[in-house]
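Every chain is numbered from 1 and lettered A, B, ... according to where its sequence line falls, protein lines coming before strand lines. Hydrogens, waters and symmetry mates are skipped; everything else that's a heavy atom, side chains included, is used.
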Amino acid sequence: MARNVTTGRKTINTLASWSIGLLIFFPILWTILTSFKTEAQAISDPPLFLFFDWTLENYTVVQERSNYMRFLWNSVIIAGGSTILGIIIAVPAAWSMAFVPSKRTKDILLWMLSTKMLPAVGVLYPMYLLFIKMGLLDTRIGLVIVLMLINMPIIVWMLYTYFREIPGEILEASRMDGASLRDEIIYVLTPMALPGIASTLLLNFILAWNEAFWTLNLTAVNAAPLTAFIASYSSPEGLFFAKLSAASTMAIAPILLLGWFSQKQLVRGLTFGAVK
Amino acid sequence: MGQIVLSKVQKKFGDTEVIPPLDLRIEDGEFTVFVGPSGCGKSTLLRLIAGLEDVSSGSIQIDGKEAADLPPSKRGLAMVFQSYALYPHMTVRKNIAFPLRMAKMDKAEIDKRVDGAASVLNLTDYLDRRPGQLSGGQRQRVAIGRAIVREPSAFLFDEPLSNLDAALRMGMRLEISELHKRLDTTMVYVTHDQVEAMTMADKIVVLSAGIIEQVGSPLELYHSPKNVFVAGFIGSPKMNLIGGEVAASHGAHTIGVRPEHIDVSAATDGGQDGKWTGVVGVSEHLGSDSFFHIHETGLGDMITVRAGGEVGFTRGDRINLTPRADMIHKFDEQGNRIA
Amino acid sequence: MATQHSRSAARLMLAPAVVLLLGWMLVPLTMTLYFSFKKYLPLRGDTISGGLDWVGFENYSRFIGSSAFWPSVQATLLIVGSVLVITLVLGVLLALLLDQPMWGQGIVRILVISPFFVMPTVSALVWKNMFMDPVNGILAHLWNFFGAEPVQWLSQASMESIILIVSWQWLPFATLILLTAIQSLDSEQLEASEMDGAPILKRFWFIILPHMSRAMAVVILIQTIFLLSIFAEIFVTTGGAFGTKTLTYLIFQRVLESQNIGLGSAGGVYAIILANIVAIFLMRIVGKNLDK
Ligand SMILES: Nc1ncnc2c1ncn2[C@@H]1O[C@H](COP(=O)(O)OP(=O)(O)OP(=O)(O)O)[C@@H](O)[C@H]1O
Ligand SMILES: [Mg+2]
């Protein structure tokens, strides 16, 4: 709002927002700080904030104990692969729903969302059997497929809401200009919906990265991503706060950084059509 | 080439018939204008020709080839939309080049054609801008540029000027007319603007509720409207339509006189035979012309007359009206013209 | 827009997504249904190839008859409901605050959004150990500082703790969507109501809140989908003890810990029914809101 606000009011807003923001952020900040402490300092009472002997030792220990890079790489492949595959399948579907709507479009969309409500545990064992049968257990491709499927409804929904904002006349113009359906989607629709596609990509990458049911239950060693890496610290060894913090930081750092840098993109698209 | 022949073309949306079976011939090189009230199916008809909608039945032939089942891209037509429908993420150059790129033309030829179109349309300085950085008139020209580079067999325009202000509209009107003269390609143009229809068209198609009321040259429609609907629709201000005894005295159910075909004079001594009289209500002075709304004529509705700019009646003046006898249109009970 | 060409193209392009999801839904579902009528205890030597005994509805009656069943349904609904209420209320307040002019808005937004990026396993571990540990946790230090007896968070206040953790994870999501909604509110509309002399509270109630209803519907829908199936938070913290056993977790225990596939599958069918009941309610409310 283009309006003059008194400096006093702005100061109060600033103070309030920053305090709440820091309070919400505190658990993450504390984890990162603790990861640089020694185990003794980590549990000291009163807690130490900045004045302690900063050390990287925890990171070395964690790296020695578990091969971080392998987990990281698995996370990247699984989250990235499932998101990209999902988008490739969802773009045409969303195109259909947005530009050639029928009486059933709304129902199909809601049905897709309702598949997301199927409790995963309800089908855990069958999935387990199927995975064994198909040799997909503990493989990255298996997880790529499962995560693609569980995120598909969200991807379709998000893309659908973005596509609906694109005027149909522009797509019709491209058809008049001789574009085939494929050209229309690749050269006209996709570039126009790029901000929306980007935020869909980001959100689903984050969701896939953090997914902690299938990634825990369908992997053992080879395909285990960072969710499994950190789960191995839930055993009593996890009581070593500094090492737990280092492992936690390592697990969340990549996505945290990605999220921070792409925050604008993500937030702009994070409306699910809730804002017109 | 660019002959378009519609036979028994019908369009239904669900159960509502928007266009009852209709026949229409558009000859090669002709500038055809569809006019009609809002919602009468002008856009629908144009989109049927374009292939953006399917016909429910009937055939569309383009240059003698059946096209009703062809997708838009295979019909060799170009369309300019009311909203311009430019690709917002492409520069002007890319926008204009897009149809050529889709036709897999080689780079050098594309550049040549785009530059050619740009210079014709005065867009050369704007080739590297995005549509968002252009004025309405410039966007319109880009849309036209995108249509002409392909050298289509016919152009389709759907109210292309309705988003422009009056001055620009006149300029673009001339540009499109000139373009038509130069390219000599068939153009089908939808509008609800009288002036556009009268000045640009070789042939006007008057539509009402999906039915073709009359097809003819602008002057044909002006001078001999086939029925009351066309009479009332073509011409501005509207033709005065008069029923009752006056019409009966001319041997018609309804008679029509255009405002410009009524002579006016100040009433000094009441009325004479063959003349009407009335009281001036609202008057609109355009400088070159003056329009007067005349009441209390005893003819039913208010009568509009058009007089020279120098005529200066004011509200409340009583005046004499003399319709020119040879300019009176007669219609029968069904509203059809009596020859 | 709709020609025969585009309609058939549309059907073709919709097909992969629909077929995949249909398969994803039907295949495991059918298997679950099948197992739910069988006695299947792999540890006791039952194998599919060896043939499983048909037990009718025994698994169903045993699952629903177990003393853990109703508490687990209640726990599930309690968690979902509480987290929804907390994130919506705090989300609205926070969104209103963040919409005000301030210095460093971008950074505050980054701070607030951050928990959303943290994977559930990590947040559960961090909260459980570093915050809620009754001896070394920050909260214990804090309680000590004020001379109070530290709380055994995960056993004495287990439900509250889990709700706190999950709310912390989802508050950013709610806040951001609601914030976008507020920011899209036409400021002219607000100014007009100000001119009309509407006091702040009235403006909030009659203009801002209705404007956000669509966004709230979306928040409720998405969060419910995810909250119904929270798993890691419980797996890591209480392991289902102290009254925090959700339906999801109960089934997980039957299937993986007791290796009773038949019983677990029957539980899975109940969970699917529960999810569908919630879904129908939700779609009613949300579907209406989204149509606008
Ligand atoms: N996709 C559609 N589904 C159902 N009815 C439609 C559809 N498109 C158009 N119509 C109806 O068909 C009729 C003709 O519409 P059309 O757009 O062709 O009118 P128009 O003559 O172009 O009007 P305007 O001058 O306002 O642009 C209208 O009554 C309209 O409501
Ligand atoms: Mg129209």
Of the backbone (N, CA, C, O) and the side chain (C-beta and beyond), which part of [X] lies under 4.5 Å from a heavy atom of chain A, both, or neither?
X        : result
C/Thr32  : both
C/Phe35  : side chain
C/Phe226 : side chain
C/Val18  : both
C/Ile280 : neither
C/Ile230 : neither
C/Ile222 : side chain

Does any heavy atom of chain C fall under 4.5 Å from the side chain of [X], the backbone, both, or neither of them?
X        : answer
A/Ile154 : side chain
A/Ala90  : neither
A/Leu22  : both
A/Ile108 : side chain
A/Ile24  : both
A/Leu181 : side chain
A/Thr34  : side chain
A/Ile20  : side chain
A/Leu129 : side chain
A/Leu202 : neither
A/Leu124 : side chain

For residues [X] and [Y], report the shortest heavy-atom separation together with the two atoms involved.
X        : Y        : answer
C/Leu21  : A/Trp111 : CB-CH2, 3.8 Å
A/Ser17  : C/Val108 : O-CG1, 3.8 Å
C/Pro101 : A/Lys10  : O-CG, 3.6 Å
A/Val123 : C/Leu29  : CG1-N, 4.1 Å
C/Leu111 : A/Gly21  : CB-O, 3.7 Å
A/Leu256 : C/Ser114 : CD1-O, 3.9 Å

Can you check whether C/Trp103's main-chain N or O pairs, donor with acceptor, with A/Trp18's side chain at less than 3.5 Å?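 Flag set: sc A/Trp18 to bb C/Trp103 pair under 3.5 Å.
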Min side-chain heavy-atom separation [X]-[Y] under 4.5 Å:
X        : Y        : result
A/Met112 : C/Met25  : no
C/Thr121 : A/Phe229 : no
C/Leu14  : A/Met97  : yes
C/Met119 : A/Ile255 : no
A/Ile206 : C/Phe117 : yes
C/Trp24  : A/Ile150 : yes
A/Phe213 : C/Ser229 : no

Verify the neighbour count for atom CZ of A/Phe26: are there more than 12 heavy atoms of other residues, nucleotides or ligands below 6.0 Å? yes
